[in-house]
Amino acid sequence: MARRQHGERPAMLDQTLARGLLLCAIALAFGLGSLNYEIGHLYRAGPGLFPLVVASALLCIGVLTLIQAWFGTRAPADLQVRNIGLILLALVVFAVLSRFVNMTVGIVAMVFVASLASQTFSVRRTAAVAVSLVAIAFAFQVGLKLNLPMY
């Protein structure tokens with residue numbers, strides 16, 4: 001390991017590199033976890049096929065991000081603890097409200113809490129996202145006959 005010279009700055013954590021590594025780690029965790037379930041075939045999918053396909057797509061995105069980090073310009077990683085906390089809080093709010101009230105209220109509350117992490121908060125944009133997600137959830141409930149507690 002090379003020693004730093006006097007006045008030399010420590011190596012910074014590259015934002016794009018950190019993002020790519022995190023995406024790859026999440027993809028590998030879920031992809032390897034999906035192998036514990038039956039994969040099945042495309043014409044008769046098992047419970048492990050969907051998480052494996054999603055994890056594979058995420059791994060591809062992570063590898064592309066790592067390639068971009070290798071060839072792109074470096075930007076220091078700026079850890080936004082407040083924003084991370086807001087996103088985690090939004091997920092908890094969604095889970096609690098979906099369980100004890102209904103999923104529609106949970107989706108709307110989740111979107112509004114998560115939108116507080118944005119640099120520019122817009123009620124109109126946030127409401128549009130919430131309505132879109134509720135519509136998608138209703139489409140899943142009706143189209144795929146999923147048992148979602150929407151109301």
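Throughout, numbering of the chain's residues begins at 1 and tracks the sequence. None of these values were measured; they are calculated from a predicted model.
No side-chain heavy atom of T16 sits under 4.5 Å from any side-chain heavy atom of T73. Within the 4.5 Å cutoff, side-chain heavy atoms of V93 are placed close to those of L89. At a threshold of 4.5 Å between non-hydrogen side-chain atoms, the residues P47 and Y37 count as touching. Within the 4.5 Å cutoff, side-chain heavy atoms of R125 are placed close to those of S118.
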Evaluate the criterion side-chain contact (heavy atoms from CB on, under 4.5 Å) for residue pair Y151 and F138; output intermediate values, then yes/no.
CA-CA 10 Å; Y151 38 83; F138 271 113; 3.6 Å; yes
List the steps, then state whether side-chain contact (heavy atoms from CB on, under 4.5 Å) holds for L66 with W70.
CA-CA 6 Å; L66 289 174; W70 181 265; over 6 Å; no
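With S115 contributing its side chain and F112 its backbone, the two residues share a donor-acceptor pair below 3.5 Å. A side-chain donor-acceptor contact under 3.5 Å links S34 to the backbone of G31. Side chain of Q15 to main chain of A75: no donor-acceptor pair is present (N/O by atom type, distance under 3.5 Å, no hydrogens or angles).
Taking CD from Q68 and CG from D14, the interatomic distance works out to 9.5 Å, rounded to the nearest 0.5 Å. Atom CG of L133 is separated from atom OG1 of T104 by 11.5 Å, given to the nearest 0.5 angstrom. The distance from atom CG of L58 to atom SG of C24, rounded to the nearest 0.5 Å, is 7.5 Å. Rounding to the nearest 0.5 Å gives a distance of 9.0 Å between CD1 of I87 and CG of L116. F140 CZ to M150 CE: the interatomic distance, rounded to the nearest 0.5 Å, is 11.0 Å. Here the CG atom belonging to L21 is positioned 11.0 Å from the CD1 atom belonging to I26, to the nearest 0.5 angstrom.
Considering N102, V108, I107 as possible partners of V105, the one that fulfils the side chain to side chain contact (heavy atoms under 4.5 Å, CB included) test is N102.
Partners of Q80 according to the side-chain hydrogen bond (donor to acceptor under 3.5 Å, both in side chains) rule, which considers only residues two or more places apart in sequence or in another chain, are D78.
Residues M103 and L144 share a single hydrophobic cluster, defined by chaining ILVMFWY side chains whose heavy atoms lie under 4.5 Å apart. The hydrophobic cluster containing L91 does not contain V96, counting ILVMFWY residues as joined when their side-chain heavy atoms lie under 4.5 angstrom apart, directly or transitively. Under a hydrophobic-cluster definition in which Ile, Leu, Val, Met, Phe, Trp and Tyr are linked whenever side-chain heavy atoms come within less than 4.5 Å, directly or via other members, V134 and V123 are assigned to the same cluster. Following chains of ILVMFWY side-chain contacts shorter than 4.5 Å, one can reach L49 starting from L35, so the two form part of one hydrophobic cluster.
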